[in-house]
Amino acid sequence: MSAAERRSRLEELAPELVAELTETHEKSRELPALEGAENGVVMRFAPNPSGPLHLGHARASVLNDYYVKRYGGRYVLRVEDTDPRRVDPEAYAMVLEDIEWLGLGITDIVYQSDRLDIYYDWCRRLIELGGGYVCVCDSERFRELKLKGKACPCRERTVEENLELWQKMLDQEFYEGDATVRVKTELDHPDPAMRDYSAMRIVNTPLHPRVENTVFPLMNFSVAVDDHLLGITHVIRGKDHIANTRRQRYLFDYFGWKPPVYRHYGRMGISGVVLSTSGMREGIKSGLYTGWDDIHLGTMRAIARRGIEPEAVRNAMIDIGIGETDISFSWENLYSRNKEIVDPKANRYFFVPDPVEVTVEDAPYREAHAALHPGDPARGVRTLVAEGRILLPRADIEGRSMVRLKDLYNVGIAWDGDTPRVSYAGDALEDARREKAPIIQWLPADAKLPCTLLQQDGTLEGFCEPSVAGEANRVVQFERIGFARVDSVEGGRVSAYFAHR
RNA sequence: GCUGCUAUAGUGUAGGGGCCAAUCAUGUCGGCCUUUCACGCCGACGACAGGGGUUCGAAUCCCCUUAGCAGCACCA
């Protein structure tokens, strides 16, 4: 049966069910199941506290969050602050704020800098097992040997000698770069990236903001140890970690641990915003950006400032899923997700950009009552009093001989060069329809608020309704323009950020 | 270069031998509704990277080609 046949047949049998045929099944899609997750999971989100969270973190954190919520279990926030060079003391708080904004169901928080002794302990055990050794070679020299598949002299040392050197590292008898602990792997591993990778290194400067230690684990070591100790069952991360997963596997093997189940999703290209933490930091420093929430950045706080709701980010990320294919992030899709959340909530207002103030000749006194939300009459109306002096958006009247002022009346426009002469042209909506006059927004000249609408590609200056002042920090819809978040109302001026149409 | 992964409409995604002349969403274009160019509704457009195999049958399995990506750090 064709679709049309099925439909007409259903109409005969059960007309009340026809609606279901076209119902949009927009409940967020089910992502693929995770093997071995039936009895609950322990997952983690492991950001480096070098700045606030951005879109890239959003994907990782939301996807893991999705599975924890789906299967039940624990969700560990593990702050990976083992590189003093890449720790921004202020980022600790920012990460927490962003997580709260995203609504992640974090159940546990651990800081790797609190766990240094644990890593030292397991490092000692690794050496005792013969799985690790202290290498005092120059890193360049080691690299050359590695590429040839050759062992460095340090590899031949006994466990006792290694233990002694390791203690010297901890006792600060080595300086940065002079010694490192390596994990023994196959020296002839086809991928040179696997060969005797580093597990521990020394960092003397800068000082770590939270601890005084100078010996720090490299991520492959701390991650493997923590994943095991914290009981992590499933890991969802980007495919840039595939090689790391392989490296970490050596540790699981040495210690006889069962590794978690891994899923590596593809690379996500994001255009239109700055994403690299260092790039953002430099831009902020140089004054190019106003701060971490500058709307040209891809941080969660920038996105929030633009009126994107956390649920929209979440839905967009789940939509994208955990596919291994490289994808390009679609702002369109995110906006669409946001619109479905924000449209039912946002009150409607007039915003007149680039205004022309005119006197409407022969204008009768009128009070316009415009719905705060056309889909929800119960919300009431805003009342605008028109006494003759009004503001019109220049772009909407240019070249026109007639427009209808929404919820008010029609006006005719005679052009005297660039100067419009505007006159009352009746109340009948039908007249406007017949003349194909556009229905546009307007404002009374004596009841308006200056309003700046900031968009990524420029700023719109104009005026909005006075009651927008009561919408601070909320998303509104400026009719015919789009959704915007009212950022601040100060000194009688409104500043709003454009979200999307 | 080496090691590995991936390849479905503009974008994201479903589909893992027959139910696929391929799903859903988004987008674009028409139309309806409407005192917003919003929302809602209707319709249209639009893809299995290319080439070989295997098979009665391939988007699905295999091989090659091409393309993209990742890693090749004493970063995470």
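A note on names: the letters A, B, ... follow the listed sequences, proteins ahead of strands, and every chain is numbered from 1.
- For A:Ser139, no side-chain nitrogen or oxygen approaches OP1 or OP2 of B:rA73 to under 4.0 Å.
- Between A:Leu384 atom CG and B:rU35 atom P the separation is 18 Å, expressed in whole Å.
- Closest to the side chain of A:Pro190, from the set B:rU3, B:rU11, B:rU36, is B:rU3.
- Checked by atom type and distance alone, the side chain of A:Arg182 never pairs as donor or acceptor with a backbone atom of A:Cys135 at under 3.5 Å.
- At B:rA38, none of the side-chain N or O atoms of A:Lys339 fall inside 4.0 Å of OP1 or OP2 (strictly under the cut-off).
- You'll find that the side chain of A:Asn48 is closest to B:rA76, out of B:rC72, B:rG12, B:rA76.
- In a base pair of the Watson-Crick type (N1 to N3 plus N6-O4 or O6-N4) or a G-U wobble (N1-O2 and O6-N3), with each distance short of 3.5 Å, B:rG46 is matched with no nucleotide.
- In the set B:rG27, B:rC39, B:rC74, the nucleotide with an atom closest to the side chain of A:Leu218 is B:rC74.
- The side chain of A:Arg348 lies closest to B:rU36 when the candidates are B:rU13, B:rU36, B:rC72.
- In this structure, the CZ atom of A:Arg433 is 7 Å from the P atom of B:rU34, given to the nearest Å.
- Rounded to whole Å, atom C1' of B:rC5 lies 14 Å from atom CZ of A:Arg263.
- Between A:Arg501 and the phosphate of B:rU36, there is no side-chain N or O to OP1/OP2 separation shorter than 4.0 Å.
- Side-chain N/O atoms of A:Arg143 include one lying less than 4.0 angstrom from OP1 or OP2 on B:rA73.
- Base orientation of B:rG16: syn, since the glycosidic angle falls within 90° of 0.
- In this structure, of B:rA76, B:rC72, B:rA70, it is B:rA70 that holds the atom nearest to the side chain of A:Lys239.
- Closest of all the heavy-atom pairs between A:Arg306 and A:Arg485 is C-CB, 4.2 Å.
- Across all strands, A:Phe216 comes closer than 4.0 Å to no nucleic acid atom at all (heavy-atom distances).
- OP1 or OP2 of B:rA76 has not a single side-chain nitrogen or oxygen of A:Arg86 nearer than 4.0 Å.
- Whole-Å rounding puts the A:Arg247 CZ to B:rC75 P distance at 11 Å.
- With a 3.5 Å ceiling on both atom-pair distances, B:rC33 lacks any Watson-Crick or G-U wobble partner.
- Under the Watson-Crick and G-U wobble criteria, each requiring two contacts below 3.5 Å, nucleotide B:rC61 is paired to B:rG53.
- Two rings, from A:Phe216 and A:His208, have their centers less than 6.0 Å apart.
- The side chain of A:Glu324 lies closest to B:rU6 when the candidates are B:rU6, B:rU36, B:rU35.
- Which of B:rC72, B:rA38, B:rU3 sits closest to the side chain of A:Ala193 comes down to B:rC72.
- The side chain of A:Ala243 lies closest to B:rG71, out of B:rU11, B:rG71, B:rA70.
- Each of A:Asp326 and A:Ile202 has a nearest nucleotide on RNA chain B; the 5'-most of these lies closest to A:Asp326.
- Shown here, B:rC20 forms no base pair; nothing in the strands shown gives a Watson-Crick or G-U wobble contact with both key distances under 3.5 Å.
- Closest approach of A:Arg157 to A:Asn162, counting heavy atoms only: O-ND2, 3.6 Å.
- Rounded to a whole Å, the CZ atom of A:Phe498 is 12 Å from the P atom of B:rA38.
- Distance, A:Asp431 CG to B:rU35 P: 15 Å, rounded to whole Å.
- Between the C1' atoms of B:rU36 and B:rC24, the separation comes to 29 Å (whole Å).
- Taking atom CD of A:Glu340 as the reference point, atom P of B:rG27 lies 10 Å away to the nearest angstrom.
- Contact of A:Glu332 with B:rG12 (side chain to base): no donor-acceptor pair of N or O atoms is detected under 3.5 Å.
- Counting any heavy atom pair closer than 4.0 Å across all strands shown, A:Gly177 reaches a base atom.
- Using Watson-Crick or G-U wobble geometry with both donor-acceptor distances under 3.5 Å, B:rG71 finds its partner in B:rC2.
- Among the atoms of the strands shown, base atoms are found under 4.0 Å from some heavy atom of A:Arg404.
- Between A:Ile439 and A:Thr325, the residue anchored closer to the 5' end of RNA chain B is A:Thr325, taking for each the nucleotide with the nearest heavy atom.
- Checking B:rU11 for Watson-Crick or G-U wobble geometry (two distances, each under 3.5 Å) identifies B:rA25 as its partner.
- Between B:rG4 and A:Arg246, no contact under 4.0 Å exists linking OP1 or OP2 to a side-chain N or O.
- Here the CD1 atom belonging to A:Ile397 is positioned 14.5 Å from the CH2 atom belonging to A:Trp442, to the nearest 0.5 angstrom.
- Side-chain atoms of A:His369 never come within 3.5 Å of backbone atoms of A:Leu384 as a donor-acceptor pair (strictly under, hydrogens ignored).
- A cation-pi arrangement is not found for A:Arg44 relative to A:Tyr75, the charged atom failing to lie both closer than 6.0 Å to the ring centre and inside a 45° cone about the ring normal.
- Taking a cutoff of 4.0 Å between a charged side-chain nitrogen and a carboxylate oxygen, A:Arg366 and A:Asp407 do not qualify as a salt bridge.
- Comparing B:rG71, B:rG12, B:rC74 by their nearest atom to the side chain of A:Asn333 picks out B:rG12.
- Which of B:rA70, B:rG12, B:rU36 sits closest to the side chain of A:Asp240 comes down to B:rA70.
- Here B:rU36 presents its P atom at 13 Å from CG of A:Leu405, a figure rounded to the nearest Å.
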